[in-house]
Amino acid sequence: MARDTTKPAAPTSGGEAFSSSLPFAPEDVSRRLLFWYGERGRDLPWRRTRDPYRIWLSEIMLQQTTVAAVVPYYERFLQHFPSLQILAEASLDDVIQLWAGLGYYSRARNLHQAARQIVRDGDGSFPDQLEDLMALPGIGRSTAGAIMSIAYDRPAPILDGNVRRVLIRLFAWQEDPRSSRAEKHLWYWAERLTPDAQPHGYAQAIMDLGATVCLPRNPDCRRCPLSDLCRARQLGLSAALPVKRPKKTVPVRCQAAVLVSAGDKLLVMQRPPAGLLGGLWEFPVVDVPDEQPPEQALLPWLEQARFQQKVEFVGEIRHIYSHFRLKLAVCAVSLTGDNTPDGLPGEWCSAEDAPALPLHGAHLKALHLYRQRQHADD
DNA sequence: AAGCCGGGGGC
DNA sequence: GCCCCAGGCTT
């Protein structure tokens, strides 16, 4: 017996025990899901391996990201870093480079850091205990559970966005899904439903169900192997759950990016290693106050840099982040011999090589716009 | 408990 | 436009 089979404690609320009984037999759910997965499961690159390193990489890349976006990144990453040891020996800049465009760059930093920790602290083999996995940066309870079940075929619950939605509907959870109360219940249900047999197939099955059938909008209940067990379905709430989060207004941030050119070179700077877009490259940026022309907002910056050239307005980029919108004025300053670019922070990069830098999305757009305009002038 | 962290795709 | 996505970390 490799596993403690005692049932998890039922969540409590205000000291009152929550009903530990389920409206159906857990084996009934897992059996249906496993059969369905055998018929309808997707063929994905990371499902052709049991290598924990690759499973781990896929799980990290897939956090808050869609499968279609991940596939090319996953393949390319593994071409450069085919093993844990090679990743551990790589530079962070090279890792960031291969992550550029995927977003949530702390994932790349944590991935790299975790690889170094495993190689440094262990015998080089990938951890195979839930607690050891969770001790690594970037791996929380859900990702640790995914690695345990998918790579090692050992039962451990997962609670990602897909499973969350499936469980909310299956148990007709009508409260705020982001509350700590919801969290306790969902983890409890996830644990109770995870089977001792074939946890590998089960984990992928329930995620696939959420991704292809139990969709956020318009769930396709006719194709769902759990439809006759589903409490939301019974209550006519399938489409109404999970309850939506109250929408918040997102602020608009105005900035100007300066493309300073000296001959063929452009001035680029690397952002601080942590925080927003950590470690990525960009052009110098100045905040633009409301209702002020970007050229005017740039004057103090030009003064400080001792540039006397005129600023040319190239165009405007709009870029949407999850928590704000960026209105980015793209400006160009072309240096002549009178100016001394030395002493400025940052580095000079040829315009041809700049697109190969790990630039973040908004500034990659800015560069494209700049080069497009330059081309038009020729 | 709440805020932070990107970019893309579906509709 | 709006919503969400194979979440985790920090405060």
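Hydrogens, waters and symmetry mates are skipped; everything else that's a heavy atom, side chains included, is used. The structure displayed is predicted, hence computed values, not measured ones.
- A distance of about 23 Å separates the C1' atoms of dG9(B) and dG8(C), rounded to the whole Å.
- Counting any heavy atom pair closer than 4.0 Å across all strands shown, Arg47(A) reaches a base atom.
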Applying side chain to side chain donor-acceptor pair (under 3.5 Å), run through Arg107(A) and Gln63(A) and close with a yes or a no. CA-CA 9 Å; Arg107(A) 294 182 295 171; Gln63(A) 287 173 6; 5.2 Å; no
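- Below 30°, between 30° and 60°, or above 60°: for Phe24(A) and Phe171(A) the angle between ring planes is between 30° and 60°, a tilted geometry.
- Outside the 6.0 Å centre-distance limit, the rings of Phe77(A) and Tyr74(A) are not counted as a close aromatic pair.
- Distance CZ (Arg141(A)) to C1' (dA6(C)): 16 Å, rounded to an integer number of Å.
- DNA chain B forms stems at B:1-5 with C:7-11, B:7-11 with C:1-5, each a run of 3 or more consecutive Watson-Crick or G-U wobble pairs whose two key distances fall under 3.5 Å.
- Rounded to whole Å, atom C1' of dA6(C) lies 14 Å from atom NE2 of His200(A).
- Straight-line distance from the CD atom of Glu183(A) to the C1' atom of dA2(B): 13 Å, rounded to whole Å.
- Within the nucleic acid shown, Ile206(A) has no heavy atom closer than 4.0 Å to any nucleic acid atom.
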List the protein contact pattern of nucleotides 3-11 of chain B with one symbol per nucleotide (5' to 3'): B for base contact, S for sugar-phosphate-only contact, - for none; contact means a heavy-atom distance under 4.0 Å. --BBB--B-
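- Distance CG (Leu62(A)) to P (dG7(C)): 8 Å, rounded to an integer number of Å.
- Under the 3.5 Å distance criterion, with hydrogens and angles disregarded, a donor-acceptor pair is assigned to the side chains of Tyr188(A) and Arg192(A).
- In this model, no donor atom of one side chain and acceptor atom of the other lie less than 3.5 Å apart for Arg223(A) and Thr212(A).
- The aromatic rings of His360(A) and His363(A) sit tilted relative to each other, their planes meeting at an angle between 30° and 60°.
- A salt bridge does not link Asp176(A) with Arg245(A): every distance from a Lys NZ or Arg NE/NH1/NH2 to an Asp or Glu carboxylate oxygen is 4.0 Å or more.
- Every side chain to side chain contact (heavy atoms under 4.5 Å, CB included) that Gln234(A) has, sequence neighbours left out, goes to Arg231(A).
- Distance CE (Met207(A)) to C1' (dC5(C)): 13 Å, rounded to an integer number of Å.
- The gap from the C1' atom of dC5(B) to that of dC4(C) amounts to 15 Å, rounded to the nearest Å.
- Atom CG of Leu102(A) is separated from atom CD1 of Ile96(A) by 11.0 Å, given to the nearest 0.5 angstrom.
- Within the 4.0 angstrom heavy-atom criterion, base atoms lie near Trp46(A).
- One interatomic measurement links the two molecules: NE2 of His112(A) to P of dG8(C), which rounds to 21 Å at whole-angstrom precision.
- Side-chain N/O atoms of Arg164(A) include none lying less than 4.0 angstrom from OP1 or OP2 on dC5(C).
- Computed from coordinates, the Asp208(A) CG to dA6(C) P distance equals 10 Å when rounded to whole Å.
- Here, dG6(B) and dT11(C) have their P atoms 16 Å apart, quoted to the whole Å.
- Screening Arg154(A), Arg47(A), Arg50(A) for a side-chain hydrogen bond (donor to acceptor under 3.5 Å, both in side chains) with His200(A), the sole residue that qualifies is Arg50(A).
- Atom C1' of nucleotide dG8(C) and atom CZ of Arg109(A) are separated by 12 Å, given to the nearest angstrom.
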